[in-house]
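As structure tokens, the structure follows; a few thoughts come after it.
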Amino acid sequence: MKWKEELRHNITEACEVRDLLKLGAAEEEQMCRILERFPMTIPRYYYSLIDRKHPDQDPIRKMCIPSVGETDLSGKFDTSGEAENTVMPGMQHKYRETVMILSTNRCAMYCRHCFRKRLVGISEDETAENMEDMAAYVRMHKEISNVLISGGDAFLNSNEVIRRYLEAFSCIEHLDLIRFGTRTLVTLPMRVSEDPELVEMLKEYNRKKKIYVMTHVNHPKELTDETKRAVRLLTDAGITVKNQMVLLKGVNDSKETAGRLLRELTACGIIPYYIFQCRPVAGVKNQFQVPLERGYDIVEEAKNQQNGQGKCLRYVMSHVAGKIEILGNLPDGQMLFKYHQAKDEGNRGRIFTKMLDAGQTWLDEIP
């Protein structure tokens, strides 16, 4: 498969980005130390999208190449309580209707804002081991209506493994749908566009159980012709593609960039689903987080540029307590929130307010 060959040529060493970033010896040594803890891997396709004339401010560079900010380990490695919701190795059951499977610790690219830095490319301790046990768990829990196969990146699994997941879950009657979480549509689009076996397999199983592909497009520069071709192959096969953008400082934190991205997503057949507040992950928190008050304004102004299809999204944070929708700024300095999903069923749909400190980027305590 060509995509597997592409991965063998990924950029993984500090010396490979030395010339682009004009690194001195001390800076290169510092990056090497960062990579010992948080590895780098960048497909050459994605690397080619970086603006060579102005790499320092380029959003693509910021998402794929480490910066000194990653030495700041304030924050947490598990910000939404994934460990406490693990019911068996590789499977989490936080929300009543959904189970999530960490199918692999591999990605085509290790995004610098990743909220699973504790796992991706380093540890397999939390990844899936026994598909039969996971399918049995879902069969026993009739309240589960969908399975999210994530990672890492679900499409870094081989077609054989993906077929085994589809076979295991498509025959469970009480499931409404199966979701695959992947960023290969933007980081390695040939995973889809040059693998007709994958597309045909998804089309085949979509007749048995509705399949959704959940992706992360964070900037208009990522919506290349190659990405649009991969998306079109999926949508032509009947697969629904939805987007979960992460609001990132220095990448898409302006109404112009976010608004343009939403318009281009709907134009190529990707449904805007969530805009996520960046999580306070160690090595990420002080690099990419946007204050909540400002984030809300950006999202609303971006939505105001859309037709009805582009407004079909929510601005949320994925918190230990649940997915919390960020509803708006109030005149007295408080912010209005609502539980979109809740770990505790008593919180389902609950609306609450919180007084924010200046520059606050996350909710630690919830009233």
Worksheet item: Should the heavy atoms of other residues, nucleotides or ligands under 6.0 Å from CD of Glu293 be counted, would the total exceed 12?
Response: no

Discussion item. Between Arg229 and Asp225 (salt bridge meaning N to carboxylate O under 4.0 Å), is one present in this structure?
Written reply: no

Fill in: Minimal non-hydrogen separation, Ala14 against Cys32, with atom names
CB-SG, 3.7 Å

Worksheet item: What residue pairs, at least two apart or across chains, pass salt bridge (Lys or Arg N to Asp or Glu O under 4.0 Å) with a residue in residues 56-69?
Response: Asp58-Lys221

Discussion item. Just by distance, no angles: are the side chains of Glu160 and Ser158 close enough, under 3.5 Å, to form a donor-acceptor pair?
Written reply: no

Item to complete: Evaluate the side-chain proximity of Val138 to Met91: yes if any heavy-atom separation is below 4.5 Å, no if none is.
Response: yes

Item to complete: Could you walk me through whether Asn130 and Met134 pass side-chain contact (heavy atoms from CB on, under 4.5 Å), step by step?
Response: CA-CA 7 Å; Asn130 194 321; Met134 292 187 291; 5.9 Å; no

Worksheet item: Any chain of hydrophobic side-chain contacts (each under 4.5 Å) joining Leu292 to Val320?
Response: no

Discussion item. Quick one: does any side-chain atom of Asp236 pair with a main-chain N or O of Leu233 as donor and acceptor, under 3.5 Å?
Written reply: no

Discussion item. For Asn10, give me all partners under side chain to side chain donor-acceptor pair (under 3.5 Å), at least two apart in sequence or on another chain.
Written reply: Thr41

Fill in: Side-chain donor-acceptor contact under 3.5 Å, Ser67 with Gln287
yes

Practice prompt. For the pair Arg163 and Glu197, find out whether any cationic side-chain nitrogen is under 4.0 Å from an anionic carboxylate oxygen.
Written response: no

Discussion item. Using side-chain contact (heavy atoms from CB on, under 4.5 Å), reason through Ile65 and Ile50 one step at a time and then give a plain yes or no.
Written reply: CA-CA 10 Å; Ile65 298 178; Ile50 297 173; 3.9 Å; yes

Worksheet item: At their closest point, which heavy atom of Leu188 faces which heavy atom of Pro43, and how far apart are they?
Response: CD1-CB, 4.0 Å

Item to complete: Looking only at non-hydrogen atoms, find the nearest pair between Ala108 and Leu156 and report the distance.
Response: N-CD2, 3.5 Å

Item to complete: Quick one: list whatever passes side chain to side chain donor-acceptor pair (under 3.5 Å) with Glu84, sequence neighbours left out.
Response: Lys343

Worksheet item: Going by the salt bridge (Lys or Arg N to Asp or Glu O under 4.0 Å) test, which pairs reach into residues 254-264, not counting sequence neighbours?
Response: Arg260-Glu264

Worksheet item: Within the side chain of Asp344, is there an N or O that forms a donor-acceptor pair under 3.5 Å with the backbone of Ala321?
Response: no

Discussion item. Side chains of Met31 and Glu28, heavy atoms from C-beta outward: is any pair under 4.5 Å?
Written reply: no

Practice prompt. Report yes if the side chains of Val217 and Leu185 come closer than 4.5 Å at any heavy-atom pair, otherwise no.
Written response: no

Discussion item. Contact between Met335 and Gln360 at the side-chain level, heavy atoms closer than 4.5 Å - yes or no?
Written reply: no

Worksheet item: Quick one: side chain to side chain contact (heavy atoms under 4.5 Å, CB included) partners of Asp332, sequence neighbours excluded?
Response: Leu330, Gln334

Worksheet item: Any donor-acceptor pair under 3.5 Å linking the side chain of Arg112 with the backbone of Phe288?
Response: no

Practice prompt. Sort out for me which residue in Tyr274, Tyr95, Tyr273 forms a ring-ring contact (aromatic ring centres under 6.0 Å, His included) with His340.
Written response: Tyr274

Worksheet entry | Contacts of type ring-ring contact (aromatic ring centres under 6.0 Å, His included), residue His141, not counting sequence neighbours | His93, Tyr137

Worksheet item: Under the ring pair (Phe, Tyr, Trp, His ring centres under 6.0 Å) rule, what pairs show up with a residue in residues 178-206, not counting sequence neighbours?
Response: Phe155-Phe180

Which atom pairs, donor and acceptor, lie under 3.5 Å between side-chain atoms of residues 275-285 and protein residues at least two apart or in another chain?
from   : atom 1 : to     : atom 2 : distance (Å)
Gln277 : OE1    : Tyr315 : OH     : 2.6
Gln277 : NE2    : Val290 : O      : 2.7
Gln277 : NE2    : Thr361 : O      : 3.0
Arg279 : NH1    : Ser80  : OG     : 2.8

Worksheet item: Does Leu148 offer a backbone N or O that forms a donor-acceptor pair with the side chain of Thr98 under 3.5 Å?
Response: no

Practice prompt. Would you please name every residue forming a side chain to side chain donor-acceptor pair (under 3.5 Å) with Thr182, sequence neighbours left out?
Written response: Asp153, Thr184

Worksheet item: Does some side-chain heavy atom of Cys64 sit less than 4.5 Å from a side-chain heavy atom of Tyr46?
Response: yes

Worksheet item: Going only through I, L, V, M, F, W and Y residues with side-chain contacts under 4.5 Å, is there a path from Val87 to Ile101?
Response: yes

Response to the item:
On a heavy-atom basis, the closest approach of Tyr45 and Thr227 is OH-OG1, 3.7 Å

Worksheet entry | His319 side-chain N/O to Leu363 backbone N/O, donor-acceptor pair under 3.5 Å | yes

Discussion item. Quick check against the 3.5 Å criterion: does Asp297 have a side-chain atom that pairs as donor or acceptor with the backbone of Arg294?
Written reply: no

Fill in: Test log, rule side-chain contact (heavy atoms from CB on, under 4.5 Å), inputs Lys203 and Asn206
CA-CA 5 Å; Lys203 183 177 181 179; Asn206 192 53; 5.6 Å; no

Worksheet item: Are any side-chain N or O atoms of Gln309 and backbone N or O atoms of Ile271, one a donor and one an acceptor, separated by less than 3.5 Å?
Response: no

Discussion item. How close do Ile211 and Ile239 get, counting heavy atoms only, and between which atoms?
Written reply: O-CG2, 3.7 Å

Discussion item. Under 4.0 Å between a side-chain nitrogen and a carboxylate oxygen: does that hold for Arg33 and Glu29?
Written reply: yes

Fill in: Contacts of type side chain to side chain donor-acceptor pair (under 3.5 Å), residue Ser254, not counting sequence neighbours
Thr257

Item to complete: Only pairs at least two apart or in different chains count here, so list each salt bridge (Lys or Arg N to Asp or Glu O under 4.0 Å) that has a residue in residues 299-320.
Response: Glu300-Lys303, Arg314-Glu325

Worksheet item: If you look only at pairs with a residue in residues 205-219, which of them pass as a salt bridge (Lys or Arg N to Asp or Glu O under 4.0 Å), with sequence neighbours excluded?
Response: none

Discussion item. Please give me the minimum heavy-atom distance between Arg183 and Cys111, naming the atom from each residue.
Written reply: NE-SG, 3.1 Å

